[in-house]
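Right, one structure below, let's go through it.
A note on names: the letters A, B, ... follow the listed sequences, proteins ahead of strands, and every chain is numbered from 1.
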Number of protein chains: 2
Amino acid sequence: MSESWPHNSSIHAFKQKMPFNQSSIYRALFHAFSSRIQVQREDAAVPNLEKILRATFRLSGRHSFEAMSLRDLSRETGISMGGLYNYIGSKDDLADMIESFMDVHMANTGRQFVNQIQDPRSRLEMSIRVYIYMGEMFQPWYQFIFMETRSMTRRQKEMAKGMEIRDVNMFREVVESGQQQGTFDPLIDAGMVGSSIIAMIQNWYLKNWRFAKEGVSAGDYADFTIRAVTKLLAR
Amino acid sequence: MSESWPHNSSIHAFKQKMPFNQSSIYRALFHAFSSRIQVQREDAAVPNLEKILRATFRLSGRHSFEAMSLRDLSRETGISMGGLYNYIGSKDDLADMIESFMDVHMANTGRQFVNQIQDPRSRLEMSIRVYIYMGEMFQPWYQFIFMETRSMTRRQKEMAKGMEIRDVNMFREVVESGQQQGTFDPLIDAGMVGSSIIAMIQNWYLKNWRFAKEGVSAGDYADFTIRAVTKLLAR
DNA sequence: TAGAATAGCGAGCGCTCGCTCGGTTGGTAA
DNA sequence: TTACCAACCGAGCGAGCGCTCGCTATTCTA
């Protein structure tokens, strides 16, 4: 998968290696949840799912998921109230689909890009880049998870915390392996570094309005972040 | 004000220099908004305001401000529905009090600590420390602004964006002045540094659950952040 | 092309929301 | 002791919520 990508680290090259993109993700979503979606015909379901998800991101970005009523969603998608309920079991269920999909598919996809890289420095840089590019591609998804899960059920909250802890630990472990190998400064707290990297990644997809205004691209941001982390860990 | 604090940079010393703290802030709030609060007797108003604000933070932290009903707030404070409306003009107005108070008072207070420091390096370090300590002291206030404003009126959203931009620019300017003076690496984008520092500060008050679990104090976090920024800007 | 199956529709249900307003309470001044 | 009024109370209002269900429209099968 990533045999060629590291040699061209642009987001464009990255997108070509992804198993799904901003459009085809709705087909993947349909297959992941076809058992709990009442509509079985793919040609009918996938475009409607795309309408529903896009409208959900748009409306809950405007105010919040809780403030979005299913009547708003019906109006925005052009699908009737009854029609919506052929795709979701409840309003909570809609949020759960988004979160569960990310929990499984996004996390696995990201991991595939870095798992075969052994060298800690390359692996750290690649991880940062992949996470930022994923945040760029699926910005509404990540923002949704960050902003909305806390309003949800205990189960959903725990899932979100779990995802974040998993990510922090992934970065912490890369840093630790680099420290053991002597590449990175062993006096820096690896856990704090992991936490800070996650903060930087979240900063990218949460504050995209500001970066867009200032003409900072995802590639620029990844370069900056990698540089900052590299300097922090230099011996 | 800060003639002695810089020589003892603990949060304890910082708290003693603050014009208000987690308790007395409600008296300050009362005086700031006495014109739009119907209850005029301070001895009645201040304790009730404290109950209302604390309960608002507690309830909107549990789910969200929008999901908090005024009946919830009434139950949690022990103040009747009608009683609440002697303190707030509307539910929106309650959020506006919180946001407006921070916009004016918090920002000014923070600025007073650093304005008389000229040396860019000291000023940068002091600023980071003050912002993190403020975030620690008034964590529910900052978290509220970060998480809830986007659900509010356009005016309130603009106010929140304005606060953030002002803070980013403050950090950007300190970095630039250090670059012009030759203290900091001039090749690092000062705007990006400012943005990253804000991200680190927000990371502190948004993820306090994780830092508490790992025994990281506000002072530890400030030290780490200052170290990271210093290394990034080193020539 | 008839009949069955799937997809889509929207008025209406029970309920909770933000907010109001006429009434009650309790401390203070005359 | 009485009269007053700031402070507080909570049942009730109209609107809008999530969700349902009897129905129609569309597509597939034979």
For nucleotides 7-21 of chain D, give me one character per nucleotide, 5' to 3': B if any protein heavy atom sits under 4.0 Å from the base, S if the only such contacts are to the sugar-phosphate, - if neither. SBBB-B----BBBBB

In A/Tyr142, A/Tyr133, A/Phe144, the residue satisfying ring pair (Phe, Tyr, Trp, His ring centres under 6.0 Å) with A/Tyr205 is A/Tyr142

NZ/NE/NH1/NH2 to OD/OE distance under 4.0 Å, A/Arg54 and A/Glu76: no

So do the side chains of A/Glu136 and A/Tyr221 get within less than 4.5 Å of each other, counting heavy atoms only? no

Going by an N to O cut-off under 4.0 Å, is there a salt bridge joining B/Arg27 and B/Glu50? no

Does A/Glu214 come within less than 4.0 Å of A/Arg210, counting only side-chain N to carboxylate O? no

